[in-house]
Structure formats: C-alpha cells, structure tokens
Protein chains: 2
Amino acid sequence: MSGRKIISFENIKVACENCSLVSLCLPMGLDPDDVEKLDEIVKRNRPLHRGDHLFREGDKFHSLFVVKAGSVKTYAPSEDGGEQVLGFHLPGELIGLDAIENEEHHCSAKVLETSAVCEIPFTNLEELSSQVPSLQHQMYRLLSREIGHDEDILTLLGKRSAEERLAAFLISLSERFKRRDFSASDFYLSMSRHEIGNYLGLAVETVSRLFTRFQDEGLLKVERKHIQLLDIDRLNNIIQGEERNGNKRQYT
Amino acid sequence: MSGRKIISFENIKVACENCSLVSLCLPMGLDPDDVEKLDEIVKRNRPLHRGDHLFREGDKFHSLFVVKAGSVKTYAPSEDGGEQVLGFHLPGELIGLDAIENEEHHCSAKVLETSAVCEIPFTNLEELSSQVPSLQHQMYRLLSREIGHDEDILTLLGKRSAEERLAAFLISLSERFKRRDFSASDFYLSMSRHEIGNYLGLAVETVSRLFTRFQDEGLLKVERKHIQLLDIDRLNNIIQGEERNGNKRQYT
DNA sequence: CGGGCCATTGACATTCTTCAAAGTTAGTGG
DNA sequence: CCACTAACTTTGAAGAATGTCAATGGCCCG
C-alpha cells in the first residue's frame with residue numbers, strides 16, 4: 001500500500017485496477033499484480049482545460065498519455081501556421097506513441113474540452129515491460145493497433161466522396177463512444193467543424209453542408225455540437241459506397 | 001556457429017551482421033552478440049516474384065517480414081474487389097506490424113518485382129526482445145516510426161492538390177533510395193500508375209497527366225517506369241505549397 | 001505473334017473548394 | 001447582468017480541380 005495515491009476532491013485519482021477504462025487501456029490482459037506495478041508508475045495530473053497542450057511538436061519525449069475523461073486532438077503544425085489534424089482521442093486512448101522513435105514529439109496534442117489525463121513516464125514503462133512479458137506484449141499490441149488504425153484512416157481518405165468521409169467519421173465516433181458505455185447515437189462533438197474538415201481533408205463549408213444534407217435526409221439530427229444519429233444502418237451503407245450514385249467504387 | 005545459414009547460389013543468405021541494411025533494419029543499435037542472437041531466428045527465404053503474396057488480409061499472423069531487395073506493396077482489399085494501397089516498401093522496411101494486435105493480418109502484401117525477404121517469426125522475436133532490452137527498445141522505436149510515417153501520409157493526403165501529392169511521393173521515394181545508396185534522382189518505379197493513383201487518392205489519368213506536366217516544366221524526365229528527377233528543389237517547393245497558385249494554404 | 005494490361009490524351013461532367021455575407025454562439029469585460 | 005467582440009456556423013453563387021468516359025497506342029509476356 002506504499003505507492004497508493006490519495007483521493008481528493010480536486011483531483012480524483014482512480015487506481016488502474018478500478019478504472020473503467022481498464023479493458024481499453026494498457027492494463028488489458030495483465031495480472032492484478034502486474035496492474036499494481038503499472039499503477040505505481042502512472043501519474044495522474046489535475047484536470048486540463050480547453051486549449052491546454054499536453055505537448056507540442058518538437059518537445060522532448062518523456063511520457064505517454066492516456067485520456068481518462070474528455071477529449072484531445074493531435075495535429076501536425078505546418079510552418080505557415082496551418083495544421084493537419086491527425087486524430088481525436090477519447091477516454092482510454094493512448095497519445096504520444098509516435099514520439100518513441102526519436103524521443104521527440106512528432107505532433108502536438110491539445111485538449112478540446114475539460115479533460116483528465118494519465119501520464120506514464122516511458123522510461124519506467126519500458127523498464128517494467130521488460131520485466132513483465134505480458135505488459136511487453138500489450139505494448140506491442142497497442143502500438144500495432146495504432147498502426148492499424150492509421151491505415152484505416154488512410155483507406156478512408158483514399159475514398160474520395162465527402163459523404164463517405166463524414167459518415168465514416170460519425171460512425172467511428174459512435175462506435176468508440178459505445179465501447180465506453182456512452183450513447184452510440186446521441187453525443188456531443190468536442191471539435192469544431194473546421195477541425196472535422198481539416199481531419200477529413202474537406203473544407204469547412206463542405207462539412208457544414210453535409211450535416212444539413214444528412215439531416216434533411218433523416219440520417220441524423222444536428223444542432224450545433226449535439227448529434228443524434230437516427231439511421232446508423234444507412235450511414236453504414238454510405239460508407240460502403242452502396243447508397244447513392246449507384247455504387248461506383250472501382251479502384252481495382 | 002551452430003545456427004549458421006548456408007550460402008548457396010540460388011539463395012544468397014547474408015547474415016544480419018553483414019547485411020547492408022543493418023543500419024535501417026532491426027539490428028540497429030544492438031551489440032554484435034545480440035545481432036547474432038537475432039540472426040539465429042531470422043529465416044531467409046528464396047526469392048519471390050512479381051505478384052507473389054507475403055500474406056493476405058485475414059491470414060493468421062506468424063512473422064514480420066523485412067524487404068531485403070526489391071519492393072513490396074501493402075494494400076487493404078475491399079469487398080467489392082477494389083483495394084486501397086497502404087504503402088510501398090523498400091529494402092530495410094518492416095512489413096506486418098499492424099498484425100500484432102489481433103494475430104491476424106490487417107492488410108495484404110504483394111511483391112511488385114523479384115524480391116528477397118527476411119522472415120522473422122514474431123513469437124521468437126518477442127521472446128528475444130524481453131531478454132534483450134536494446135532489442136525491445138528497437139522494436140518500440142520501429143513501431144513508433146511506423147506510426148509517425150503513417151501520420152506523415154495522413155498529412156500528405158490532407159493536402160488536397162494533386163501536384164503536391166505526386167511531388168511528395170516522388171521526393172519520398174528519392175530520399176528512401178538515397179538512404180539505401182541508390183540514386184536519389186534516377187530510379188525505376190516498380191508500381192503502376194494505377195497503384196500510385198490509388199495510393200495518393202488520385203485517378204490514374206490524373207497521375208499520368210501530372211507526370212507529363214512535370215516533364216514539360218522541366219522538373220523531371222519520365223519514360224514509362226524510368227524516372228529522373230531534374231529539379232528536386234522545385235519539387236520540394238511544390239510540396240510546401242509555395243510554388244504555383246501563390247501559396248494558398250490556410251486550414252488554420 | 002497475339003492478347004491484354006498499362007499508359008496517355010482529349011472532351012466532358014461533377015464534386016468540392018473558394019469567395020462572400022449574414023446569422024449564432026460563447027466568452028469577456030464593464 | 002448586459003453589451004460587445006471574436007470565433008464559429010451556415011448558406012448561396014461561381015469557379016476550378018479532378019474524376020469519368022472514351023479511344024488510341026505501346027509494351028510485355030506467354
């Protein structure tokens with residue numbers, strides 16, 4: 001009980017073993033004893049607020065971060081002040097994996113709404129993982145998952161239709177919320193239309209128009225950041241390129 | 001000397017320690033002793049030919065592969081017979097990292113030209129890596145690099161201009177050839193225009209037109225698969241969005 | 001030598017971006 | 001608590017970039 005964290009109002013620190021994200025996060029598949037060891041190296045910082053940075057591109061890499069509550073976006077800033085949004089991260093998702101290679105952050109991470117984050121010093125994690133094979137395995141899995149996830153996005157951006165992209169984006173959010181026991185069909189977007197467009201490679205105006213079009217077609221109800229998916233099946237059809245324009249997907 | 005591989009004409013097996021790719025591949029940063037241990041688990045298969053598959057999406061995952069010579073493309077097949085090209089892999093590059101998570105291949109890998117490939121059974125690699133911290137570290141770095149690389153491509157596809165995409169593609173190839181001591185300005189494309197277009201999210205015709213346009217503008221010389229880059233600086237300018245249309249990159 | 005795939009080119013269609021403007025919302029400071 | 005500004009969102013109209021269709025020629029491989 002030595003390394004146990006204190007619980008306070010300002011800063012509710014839930015040990016990994018009690019965290020609702022345990023099945024999504026690093027401890028997955030670990031023995032209780034090993035979870036405890038992991039727990040001891042995890043730092044739980046106080047809440048972050050909209051606009052705060054976890055890190056910026058070029059910062060020295062020290063820790064991985066796990067979203068505990070709220071949401072975070074990662075993005076690659078470009079010289080001219082622009083940026084490319086790389087991802088939106090929900091509770092249970094790891095951030096900073098791309099920084100391991102050069103011990104330097106490859107992108108920036110900014111908090112989209114009031115959020116809680118766990119910090120895992122990588123040196124400690126690496127050391128622990130060489131002592132705990134199941135943790136090493138879980139690390140490999142998580143890194144691999146991230147690669148697979150990025151490839152999924154590549155496939156998404158390869159599809160050209162703007163409708164397909166937005167539909168896929170919404171379904172992705174929906175499924176991720178669902179796994180976290182949030183509603184799969186009723187949620188709030190923590191990112192702006194601008195950020196959605198940037199992420200999907202579309203102009204803001206296109207995103208906005210699509211939302212109203214989807215609404216007109218009864219696919220969803222949108223009121224600013226509040227989204228209600230009304231016909232998830234049909235959204236899935238759109239992703240497949242089945243709906244509309246008589247499925248034209250070749251690219252053999 | 002027990003596990004040493006035999007050298008034959010049909011199948012030139014170079015031990016890791018003698019491989020020219022040592023600085024790009026897994027052994028990077030390892031002690032000679034550890035390289036030897038790694039060497040013992042690496043399988044070196046006989047040459048593969050154009051069209052051969054290393055694995056297909058859905059195959060059970062056993063091994064990672066490293067391109068030793070030649071080139072390989074990875075792609076995600078879609079139900080309707082189409083596909084999304086995920087990457088082109090040159091000597092020294094690892095393939096299959098996205099399969100670790102579910103022990104099942106997440107994409108397919110097809111050989112583009114006569115190639116040589118090393119196969120690394122993952123179970124052995126994982127076991128060895130938990131005994132050799134520097135190998136574990138190198139594994140983390142490689143996985144992390146792959147994530148960073150995928151993010152770079154996302155950024156690339158976020159740029160909308162077709163010119164920027166093709167220029168970035170050519171520069172990427174050029175730099176990768178360079179690191180392998182091939183010419184950075186004179187090389188052959190092992191992939192078809194179709195595959196390039198698919199990878200970049202462009203129609204074949206657009207790719208073809210861009211090649212001729214680039215040639216007309218003196219940026220390069222193209223003759224079927226043979227490419228000679230004549231003005232790498234200007235290609236880099238195009239990537240930055242500096243050249244042409246008075247740099248219009250906002251997406252703040 | 002033949003067939004099929006690959007590449008190129010032209011003409012046309014369409015989607016999406018760009019530009020412009022107005023309405024909304026949220027946050028700030030008085 | 002209210003006024004005010006800045007940022008965000010929406011909508012319309014026009015234009016541009018890229019995709020689609022179609023046809024031809026060339027190359028590679030069997």
Just the rounded figure in Å: distance from [atom2] of [N] to [atom1] of [X].
X: Glu164(A); N: dT14(C); atom1: CD; atom2: C1'; value: 15 Å
X: Glu223(A); N: dG23(C); atom1: CD; atom2: P; value: 19 Å
X: Arg213(B); N: dA17(D); atom1: CZ; atom2: P; value: 9 Å
X: Glu113(A); N: dA26(C); atom1: CD; atom2: C1'; value: 16 Å
X: Gln215(A); N: dT11(D); atom1: CD; atom2: C1'; value: 14 Å
X: Asn198(B); N: dC6(C); atom1: CG; atom2: C1'; value: 15 Å
X: Tyr188(B); N: dA7(C); atom1: OH; atom2: P; value: 15 Å
X: Glu205(A); N: dG15(D); atom1: CD; atom2: C1'; value: 14 Å

| said: Checking Asp150(A) against His149(B): is there a side-chain donor and acceptor pair closer than 3.5 Å? | reply: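 No, no side-chain donor-acceptor contact under 3.5 Å.
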| query | Quick one: which of Leu210(A), Val207(A), Thr206(A) gives a side chain to side chain contact (heavy atoms under 4.5 Å, CB included) with Ile196(A)? | reply |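 Only one option passes, and that is Val207(A).
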Are there any protein N/O atoms within less than 3.5 Å of an N/O atom in nucleotides 6-9 of chain D, and if so, which ones and at what distance?
residue : atom : partner   : partner atom : Å
dT9(D)  : OP1  : Arg193(A) : N            : 3.4
dT9(D)  : OP1  : Lys225(A) : NZ           : 3.2
dT9(D)  : OP2  : Arg193(A) : N            : 2.9

| field | Any N/O donor-acceptor pair, Arg209(A) side-chain to dT18(C) base, under 3.5 Å | value |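 Looking at the base of dT18(C), it does pair with a donor or acceptor on the side chain of Arg209(A) (distance under 3.5 Å).
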| said: Checking Arg180(B) now: which residues fulfil salt bridge (charged side-chain N to carboxylate O under 4.0 Å, His left out) with it, not counting sequence neighbours? | reply: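 With sequence neighbours excluded, Arg180(B) shows a salt bridge (charged side-chain N to carboxylate O under 4.0 Å, His left out) to Glu93(B), given in chain and number order.
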| message | Which residue in the set His105(B), His106(B), Gln84(B), His89(B) passes side-chain hydrogen bond (donor to acceptor under 3.5 Å, both in side chains) when paired with Thr74(B)? | response |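 The side-chain hydrogen bond (donor to acceptor under 3.5 Å, both in side chains) with Thr74(B) is passed solely by His89(B) among His105(B), His106(B), Gln84(B), His89(B).
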| request: Walk me through it: do Lys73(A) and Glu195(A) pass the test salt bridge (Lys or Arg N to Asp or Glu O under 4.0 Å)? | output: CA-CA 9 Å; Lys73(A) 85 164 177 185; Glu195(A) 287 166 325; 2.8 Å; yes
| Would you find more than 12 non-hydrogen atoms of other residues, nucleotides or ligands less than 6.0 Å from Lys225(B) atom NZ? |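 Yes, because the 6.0 Å sphere around NZ of Lys225(B) holds more than 12 heavy atoms from other groups.
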| Between Thr206(B) and dA17(D), does any side-chain N or O lie under 4.0 Å from OP1 or OP2? |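 Checking dA17(D) against Thr206(B), no side-chain N or O comes under 4.0 Å of OP1 or OP2.
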| query | Taking it one step at a time, do Ile238(A) and Leu219(A) satisfy side chain to side chain contact (heavy atoms under 4.5 Å, CB included)? | reply | CA-CA 11 Å; Ile238(A) 291 177; Leu219(A) 290 165; 3.7 Å; yes
| In degrees, rounded to 10°, what is the bend between the two ends of the helix from dC1(C)-dG30(D) to dG30(C)-dC1(D), using five pairs at each? |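 Helix axis angle between the two ends: 60°.
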| field | Check against side chain to side chain contact (heavy atoms under 4.5 Å, CB included), Leu112(A) and Phe88(A) | value | CA-CA 9 Å; Leu112(A) 288 172; Phe88(A) 302 108; 3.9 Å; yes
| Glu163(B) and Arg213(B) ion-paired at < 4.0 Å |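 A salt bridge links Glu163(B) with Arg213(B).
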